[in-house]
Colleague: 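What follows is a structure written as structure tokens; I'll ask about it next.
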Amino acid sequence: MCARFTLSDLEDLATAFSLLSAPVLEPRYNIAPSQRVVVVGRKPDGSGRGAVPMSWGFVPHWAKSPTDGPRPVNARAETIQTSAPFRDSFRSRRCIIPADGFFEWLKVERKKVPYLFRPRDGGYLGFAGIWDIWQSPTTEPLYTCAIVTVCANATLRPYHERMPAILSPADYDAWLDAKTPAHTAHDLLRPAADDFLQVIAVSPAVNRAANNTPECIAAL
DNA sequence: CCAGACGTTGTT
DNA sequence: GTCTGG
DNA sequence: CCAGACGTTGTT
DNA sequence: GTCTGG
């Protein structure tokens with residue numbers, strides 16, 4: 001789940017995440033794997049939050065190359081503390097990936113019909129994420145991230161078994177703080193409340209990753 | 001000991 | 001069918 | 001996630 | 001990097 005999302009309403013991004021600025025100037029209606037995403041983290045000196053662009057699709061720091069092996073866009077909460085690629089990042093490189101909605105598909109008569117899920121009352125989603133740096137002697141460091149998934153809630157269940165872990169704003173600091181104990185951080189990974197998200201049928205325009213227009217998030 | 005795998009989703 | 005790129 | 005490409009030999 | 005299988 002969550003292999004496509006949107007970040008279109010930039011007006012309040014900075015205030016929603018206590019950022020002085022965000023590395024995004026253009027709205028994004030159709031964010032797909034391998035593309036650049038905004039990642040919110042704690043500044044190294046601990047003085048609040050910062051936003052950094054990263055590539056969506058996790059590459060562990062020990063990978064032989066970024067193209068050797070899969071680049072998962074999701075990490076299962078159930079196994080994130082023990083899986084080899086993810087466990088170090090879960091301990092010390094947690095982040096929040098802002099969105100204003102995400103997409104799922106239903107297969108209807110062999111066609112993929114997309115739906116947009118977003119907060120019923122508007123505002124942002126903060127996906128729980130993890131990140132890592134991959135480096136080689138001859139290239140720039142590659143920053144990558146993945147979105148943590150949990151079981152679907154009642155809203156998602158007809159569409160998919162999994163959903164992104166959506167943090168409540170009150171938990172942002174604890175999630176980002178590398179000093180937060182792993183079991184405490186893990187307790188923050190829960191399905192959203194059943195009444196939190198609304199479902200909106202949208203145009204198949206979103207199916208093509210190259211389509212990055214408001215049509216992708218407009219209700220049919 | 002070294003060599004090789006390590007991750008996700010969906011679909012069947 | 002399966003892998004890669006977006 | 002979906003969309004799109006995927007291969008060879010020989011010859012230029 | 002670290003763990004598993006041979």
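Every chain is numbered from 1, with letters handed out A, B, ... down the list of sequences.
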Colleague: At under 4.0 Å, does any side-chain N or O of A:Arg208 touch on OP1 or OP2 of D:dC1?
Modeller: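 So the side-chain polar atoms of A:Arg208 never come under 4.0 Å of the phosphate oxygens OP1 or OP2 of D:dC1.
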
Colleague: Establish, from distance only, whether the side-chain atoms of A:Ser55 and A:Arg71 form a donor-acceptor pair under 3.5 Å.
Modeller: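 A pair is found: one side chain offers a donor N or O, the other an acceptor, under 3.5 Å apart.
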
Colleague: Grab the NZ-P distance between A:Lys111 and D:dA3 for me, whole Å please.
Modeller: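 Computing the A:Lys111:NZ to D:dA3:P distance gives 11 Å.
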
Colleague: Can you measure A:Trp56 atom CH2 to D:dC2 atom P for me and round it to whole angstrom units?
Modeller: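 The answer, rounded to whole Å, is 12 Å.
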
Colleague: Starting from C1' on B:dT8, measure out to CD on A:Glu78 and report it in whole angstrom.
Modeller: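 From A:Glu78 CD to B:dT8 C1': 12 Å.
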
Colleague: Measuring only the P atom in each nucleotide, how far is B:dT11 from D:dC1? A whole number of Å is fine.
Modeller: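 It comes out at 7 Å once rounded to the nearest Å.
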
Colleague: Under 30°, 30 to 60°, or over 60°: which ring-plane class applies to A:Tyr124 and A:Phe17, parallel, tilted or perpendicular?
Modeller: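 The rings of A:Tyr124 and A:Phe17 stand perpendicular, inter-plane angle above 60°.
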
Colleague: Hey, is the side chain of A:Arg162 poking within less than 4.0 Å of OP1 or OP2 on B:dT9, counting only N and O atoms?
Modeller: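 Checking B:dT9 against A:Arg162, a side-chain N or O does come within under 4.0 Å of OP1 or OP2.
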
Colleague: Among E:dG1, B:dT8, B:dT11, which nucleotide has an atom closest to any side-chain atom of A:His61?
Modeller: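 Among the listed nucleotides, the one closest to the side chain of A:His61 is E:dG1.
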
Colleague: If only atom types and distance count, is the side chain of A:Asp132 paired as donor or acceptor with the main-chain N or O of A:His61 below 3.5 Å?
Modeller: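 Indeed, once roles are kept as given, a pair shorter than 3.5 Å links the two residues.
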
Colleague: Any chance you could measure A:Arg118, atom CZ, to A:Ile200, atom CD1, to the nearest 0.5 Å?
Modeller: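 Reported value, rounded in 0.5 Å steps: 3.5 Å.
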
Colleague: Main chain of A:Leu176, side chain of A:Thr180: is a donor-acceptor contact present, judged purely on distance under 3.5 Å?
Modeller: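 Here the side-chain-to-backbone pair does not exist.
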
Colleague: Parallel, tilted or perpendicular: which one describes the rings of A:Phe90 and A:His186, with boundaries at 30° and 60°?
Modeller: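 The arrangement is perpendicular - the two ring planes meet at more than 60°.
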
Colleague: Of A:Val206, A:Val199, A:Ile217, which is the lone residue that meets side chain to side chain contact (heavy atoms under 4.5 Å, CB included) with A:Leu116?
Modeller: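 Testing each of A:Val206, A:Val199, A:Ile217 against A:Leu116, the sole residue satisfying side chain to side chain contact (heavy atoms under 4.5 Å, CB included) is A:Ile217.
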
Colleague: For A:Phe58 and B:dT8, are the ring centres under 5.5 Å apart with planes inclined under 30°?
Modeller: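 Not stacked by the 5.5 Å and 30° rule.
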
Colleague: In whole Å, I'd like the distance from the NZ atom of A:Lys107 to the P atom of D:dC2.
Modeller: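 Atom-to-atom, A:Lys107 to D:dC2, this comes out as 8 Å.
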
Colleague: Let me know the distance between CZ of A:Phe103 and C1' of B:dT9, rounded to the nearest Å.
Modeller: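 A:Phe103 atom CZ is separated from B:dT9 atom C1' by 18 Å.
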
Colleague: Could you spell out the base pairing of DNA chain C as a dot-bracket line? Use Watson-Crick and G-U wobble contacts where both distances are under 3.5 Å, [ ] for crossing pairs, | for partners on a different strand.
Modeller: ||||||

Colleague: Between A:Gln135 (CD) and E:dG1 (P), how many Å, whole number?
Modeller: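 Checked: the CD to P distance equals 12 Å.
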
Colleague: Would you mind reading off the distance between A:Gln35 atom CD and D:dC2 atom C1', rounded to a whole angstrom?
Modeller: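 Atom CD in A:Gln35 sits about 12 Å away from atom C1' in D:dC2.
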
Colleague: Report yes if a side-chain nitrogen or oxygen of A:Thr149 is closer than 4.0 Å to either non-bridging phosphate oxygen (OP1 or OP2) of B:dT9; otherwise report no.
Modeller: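 A:Thr149 to B:dT9 OP1/OP2: side-chain N or O found under 4.0 Å.
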
Colleague: Would you mind classifying the nucleic acid contact of A:Thr79 as base, sugar-phosphate or nothing, using non-hydrogen atoms under 4.0 angstrom?
Modeller: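 Sugar-phosphate only.
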
Colleague: Scan A:Ser83 against the nucleic acid and name what it touches under 4.0 Å (heavy atoms): base, sugar-phosphate only, or nothing.
Modeller: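 Contact class for A:Ser83: sugar-phosphate only.
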
Colleague: With sugar-phosphate meaning primed atoms plus P, OP1 and OP2, does A:Pro33 contact a base, only sugar-phosphate, or nothing at under 4.0 Å between heavy atoms?
Modeller: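 Contact class for A:Pro33: base.
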
Colleague: In whole Å, I'd like the distance from the CD atom of A:Glu104 to the P atom of B:dT11.
Modeller: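 Atom CD in A:Glu104 sits about 11 Å away from atom P in B:dT11.
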
Colleague: At less than 4.0 Å, is any side-chain N or O atom of A:Arg36 found next to OP1 or OP2 of C:dG6? Yes or no.
Modeller: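 Checking C:dG6 against A:Arg36, no side-chain N or O comes under 4.0 Å of OP1 or OP2.
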
Colleague: Kindly write out the residues that satisfy ring-ring contact (aromatic ring centres under 6.0 Å, His included) with A:Phe117, not counting sequence neighbours, or none if the list is empty.
Modeller: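 A:Phe117 satisfies ring-ring contact (aromatic ring centres under 6.0 Å, His included) with A:Phe102, A:Tyr159 only.
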
Colleague: Provide the distance between the two C1' atoms, one in B:dT8 and one in D:dC2, to the nearest whole Å.
Modeller: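 One C1' to the other, the span is 16 Å.
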
